[in-house]
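To start, the structure itself, in structure tokens.
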Amino acid sequence: MANSRQNNLYASRRLRNMLAKSLAYGATAFGLGWLVLILGVLLIHGIGGLSLAVFTENTPPPGSDGGLLNAIVGSIMMTLLAIAIGTPIGILAGTYMAEYGRHDKLAMIVRFINDILLSAPSIVIGLFIYEVLVAPMGHFSGFAGSVSLAVIVIPVVVRTTEDMLKLVPDTLREAAASIGLPRSMMIQRIAYRAARAGIVTGILLAIARVSGETAPLLFTALNNQFFSVNMNAPMPSLPVVIFQFALSPYEEWQSLAWTGALLITFTVLGLSIVARSLTARKS
Amino acid sequence: MKLVKFAVATAAAMAVSWTAAAADLSGAGSTFVYPVLAKWADQYKKDTGVGLNYQSIGSGGGIKQIKAKTVVFGATDAPLTGKDLDESGLAQFPIIMGGIVPVVNLEGIKPGDLTLDGATLSGIYLGTIKKWDDAAIAKLNPGVKLPSTAIALVHRADASGTTFNFTYYLSAVNADWKSKVGTNTAVQWPGGIGAKGNEGVANNVAQTKGSIGYVEYAYAKQNKLTFTKMINKAGKTVSPTSESFQAGAASADWKSQPGYGVILANQPGDASWPITASTWILVHKQPADAAALGEALKFFAWAYSKGQDAAKALDYIPMPASVVADIEKMWGTDIKDASGKPVFALTH
Amino acid sequence: MSEVALSDTTMAASTSRSRAQVLKRLRSSDIYFRQLTRLSVLLVLGLLSGVILALVIGSIPALKTFGFSFVYTEVWNPVSEQFGALAPVYGTLVTSAIAMVIAVPVGLMVAFFLTELCPMVLRRPIAIAIELLAGIPSIIYGIWGLFIFAPFLQKNVQPFLIDTFDGVPGLQSLFAGPPYGIGMLTAGFILAIMVLPFITAISRDVFDAVPPVLKEATYGLGCTTWEVFKHVILPFTRVGVIGGVMLALGRALGETMAVTFVIGNAHTVSASILQPGTTISASIANEFTEAVGDLYTSSLIALGLILFVITFIVLAIARYMLLRLQQQGR
């Protein structure tokens, strides 16, 4: 009697285990399935529109054919400026937190705040820049767009810089001190060099992150259907153009939207993979 | 520190591009006028080399941008009152007319198969008529097979002149609508999906089975949407064609309102389309950048004289010649630069 | 000899002078660099304060006019200039709740798979693949959702849901209404796919950190893999998992572009999750550039403030939990 009860108990436990394992396999297939589905759809709908014209012609009026040149150039310009503004600030702040203020109260607070900024809704950042830049200036501009992207770049770079600098062994620092190197020189010549791959990873991840950001650009840089390199005027960008074109009923525009989406996604994913491989080789 | 040097260099390069201004005109506003405006801009750029950067963000956005002086002109299908125009120092003139049509997405129903009137249209949007096979709709459409599915409403999510004209019409034909919802560029819709721009409404109706929306006719035509016929004020059934739009605009007295702000909806006449509308351009009477406004007015003068064919191809109705003459005269008298000289010189 | 001696002393004097100069230069550049880093840190601090300040100042007109009732009023009428945050806040909370209900079990199961069941060779590629989901920009999710997912739901899933729950008391109102395809359920589902990688990544990290001796002891007692997971790993990593879930929730609450495409932009509170609604971020994205009038603009900024406060609280809890985990020494 007891034996059969024990057998039943064992059978039900094994059944539950089987069930859980299959659920786990199923969940993973579910997650991977969506990735394949999304990337697959992007490829199917976007490849058709991919041609040289996409890179050489500007965005067309509704009902005509064209390309995405002005949007691509606008995005590149704003991303570059955002990186140019955000990276130095981010690296310097990360340096303070990893080198000078490792157990500082200030560093603790900033670490917490940095993490909040890292995950803050980007549309709120757009509102902030609208209030402090666009409204006083009186017009939308690529510059305001870049600044809002820079606000998104800074927390990413701060985080990775701090993490990477902390990985540099203290023995290096002590050796530098022992030969009389001033702290700043030690940081610049030795710590940065040791953590270089990691810091570059951080910058690549930041580029990947802001390349796809749409919300903050909606009311800072607005949009522009012509080619423009004027940072003091509305500037086109790939995400905002995709937003406008995808919601339109025009076939040519929708096709360009898919192609633009394909370009952004594979750029972003490519950057992420390169960034990951940089740190992987290190570890 | 090489990174910092790179950063400074990039920032300097960006600063240099700061002042590289293009000779492009900037405008924003109505999505109603966008299809024809885009065609005009394309042609104008080929003819003169001057580009027009127009943001199709809805009439509300156009009004906001021109009042904030962030664009050279605004376009709106909801005219400003005389008081508003005076207070903001704006001049207003109509540029084009067109028709707003209801569009549906029903299995087996082709363009023009379905007929609606003011009462059913307002009932649908009020939510009192919930299904496609409702008695009121069936009465207007004997012999048409109507499915018993629920009606999926699509309206505008943004501040829209198209909405203004549409709700103006609904308020005129349905006292219940007038008291419950009213007329404006953005209203408290009793349900349904909100879409951005005429573009978004067209997109949503095309994607959603059993839906109904309202768009400017060019959007229905360009995207092969299923439009409906309407029963007008005179009780006659009309199709959305340039003839019915023209009839709908024929009895307008353009000088009766300040800034030519005459609403064309629900006009009398056997052949009139009941939801005809026009788009007005807003400019500053004393512009900060007189040269840019001069270029803009040159563009509009070109559109009045040379843009007729493009407009007619999309079933828009050009402004009558007498009104155009009056408008161009108004430019000469009302729109002046800082020294008092008219910004636009009449060449004929 | 004396010349050499003379030149020696001058050399010594000049070298000691130049040495002093060099040391002074080094010290001042050292201080300069330190202050520079400090300044950058204060700038980061200033950024957050700036954001909060800008939001508060911008919301003042709306909050002064409507007072606290702003938070629970459903009316959103630009005509009569009456605005209430209830519909956007409701939509934000409901879509995030749907996202969590789907993403948390799935994410935990994927982490379970990756740490206990997956062959070592496949572990890294599959983990990277799941994390790629987080890298896809949200606007891509938006257009994918609008063009592929929503029509699929409208044709196949939603009519099925409506018919199944038709007549079931209580649940009927949850799944009612014409099948639009887009709506709160669609938005919630897409959010779930977007935040799945966050839950998986953090859960995987904390699961890996469970001391092997605990697991081995449990296996030694004859427990199945699932029982080890349920009774040892999960309770041990409880704090970290909750931290990860809160982080994912913070992301879901603030997500804009993916939601804007598929939420339907209707300022109404519906009981049915198949109906269109709106979220705070979608409302701001759609209406901000066209908001005419100070009160309208201010109401939208007030919405932004509410969103920021909600996400701040959620993220603060998340970081606190993850911090506690670090201090515990895991």
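This is a predicted model, so every value here is computed, not measured. Below, chains carry the letters A, B, ... as their sequence lines are ordered, and counting in each starts from 1.
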Side chain, backbone, both or neither: which part of [X] has an atom under 4.5 Å from a heavy atom of chain C?
| X | result |
| --- | --- |
| A:Phe243 | both |
| A:Leu42 | side chain |
| A:Tyr25 | both |
| A:Ile109 | side chain |
| A:Leu262 | neither |
| A:Glu213 | neither |
| A:Ala215 | both |
| A:Leu271 | neither |

Euclidean distance, [Y] [atom2] relative to [X] [atom1], rounded to 0.5 Å:
| X | Y | atom1 | atom2 | value |
| --- | --- | --- | --- | --- |
| A:Ile91 | C:Thr37 | CD1 | OG1 | 12.5 Å |
| C:Phe308 | A:Ile123 | CZ | CD1 | 13.5 Å |
| C:Ile284 | A:Tyr130 | CD1 | OH | 13.0 Å |
| A:Tyr96 | C:Leu36 | OH | CG | 13.0 Å |
| A:Leu269 | C:Leu132 | CG | CG | 5.0 Å |
| A:Leu35 | C:Leu133 | CG | CG | 4.5 Å |

Item to check | Interface residues of residues 191-198 of chain C facing chain A - non-hydrogen atoms under 4.5 Å apart | outcome: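 The stretch touches chain A at C:Ile193, C:Leu196.
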Checklist entry - Could you name the residues of residues 140-148 of chain C that have a heavy atom within less than 4.5 Å of a heavy atom in chain A? => result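 Checking residues 140-148 of chain C against chain A gives C:Ile140, C:Tyr141, C:Ile143, C:Trp144, C:Leu146, C:Phe147, C:Ile148.
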More than 12 heavy atoms from other groups under 6.0 Å of [atom1] on [X]:
| X | atom1 | answer |
| --- | --- | --- |
| C:Tyr219 | OH | yes |
| A:Arg14 | CZ | no |
| C:Phe152 | CZ | no |

Flag the one option from [options] with the top tally of heavy-atom pairs under 4.5 Å to chain C.
| options | value |
| --- | --- |
| A:Ala93, A:Gly90, A:Gly212 | A:Ala93 |
| A:Ala246, A:Ala257, A:Ser272 | A:Ala246 |
| A:Val158, A:Leu106, A:Leu205, A:Ile129 | A:Leu106 |
| A:Val124, A:Thr265, A:Ile38 | A:Ile38 |
| A:Pro182, A:Ala208, A:Ala261 | A:Pro182 |

Please flag which part of [X] lies under 4.5 Å from any non-hydrogen atom of chain A: side chain, backbone, both or neither.
| X | answer |
| --- | --- |
| C:Ile31 | neither |
| C:Ser281 | both |
| C:Phe149 | side chain |
| C:Ala316 | both |
| C:Phe112 | side chain |
| C:Leu253 | neither |
| C:Thr311 | side chain |
| C:Leu43 | side chain |

Would a 4.5 Å heavy-atom cut-off, applied to side chains only, mark [X] and [Y] as touching?
| X | Y | result |
| --- | --- | --- |
| C:Thr256 | A:Pro121 | no |
| A:Gln188 | C:Phe33 | yes |
| A:Arg16 | C:Thr224 | no |

Do you know which of [options] has the most heavy-atom pairs under 4.5 Å to chain A?
| options | value |
| --- | --- |
| C:Tyr32, C:Tyr320, C:Phe312 | C:Phe312 |
| C:Arg251, C:Glu255, C:Glu227 | C:Glu227 |
| C:Ala129, C:Ala318, C:Gly304 | C:Ala129 |
| C:Ile136, C:Leu53, C:Leu39 | C:Ile136 |

Shortest non-hydrogen contact from [X] toward [Y]:
| X | Y | answer |
| --- | --- | --- |
| A:Phe219 | C:Ala285 | CE2-CA, 4.3 Å |
| A:Ile89 | C:Ser40 | O-CB, 3.6 Å |
| A:Ser184 | C:Asp30 | N-OD1, 2.6 Å |
| A:Val268 | C:Pro137 | CG2-CG, 4.2 Å |
| A:Asn114 | C:Val44 | OD1-CG1, 4.3 Å |
| A:Ala24 | C:Met109 | CB-O, 3.7 Å |

Next on the checklist: Let's go through A:Leu32 and C:Ile130 carefully: what are the C-alpha distance in whole Å and the side-chain angles of both, what is the deciding distance for side chain to side chain contact (heavy atoms under 4.5 Å, CB included) to 0.1 Å, and is it a yes or a no?
Outcome noted: CA-CA 6 Å; A:Leu32 290 177; C:Ile130 299 280; 4.1 Å; yes
Next on the checklist: Show, in sequence, the C-alpha distance, side-chain angles and deciding distance for A:Thr28 and C:Leu114, and conclude whether the side chain to side chain contact (heavy atoms under 4.5 Å, CB included) test is met.
Outcome noted: CA-CA 9 Å; A:Thr28 312; C:Leu114 281 174; 5.6 Å; no
Item to check | Verdict with supporting geometry, C:Val110 and A:Phe30, side chain to side chain contact (heavy atoms under 4.5 Å, CB included) | outcome: CA-CA 9 Å; C:Val110 176; A:Phe30 181 76; over 6 Å; no
Item to check | A:Glu251: salt bridge (charged side-chain N to carboxylate O under 4.0 Å, His left out) partners, not counting sequence neighbours | outcome: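 Not a single residue meets the salt bridge (charged side-chain N to carboxylate O under 4.0 Å, His left out) criterion with A:Glu251.
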Checklist entry - For residues 299-322 of chain C, which residue pairs qualify under salt bridge (Lys or Arg N to Asp or Glu O under 4.0 Å), counting only residues two or more places apart or in two chains? => result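 Pairs touching residues 299-322 of chain C that pass the test: A:Asp115-C:Arg319.
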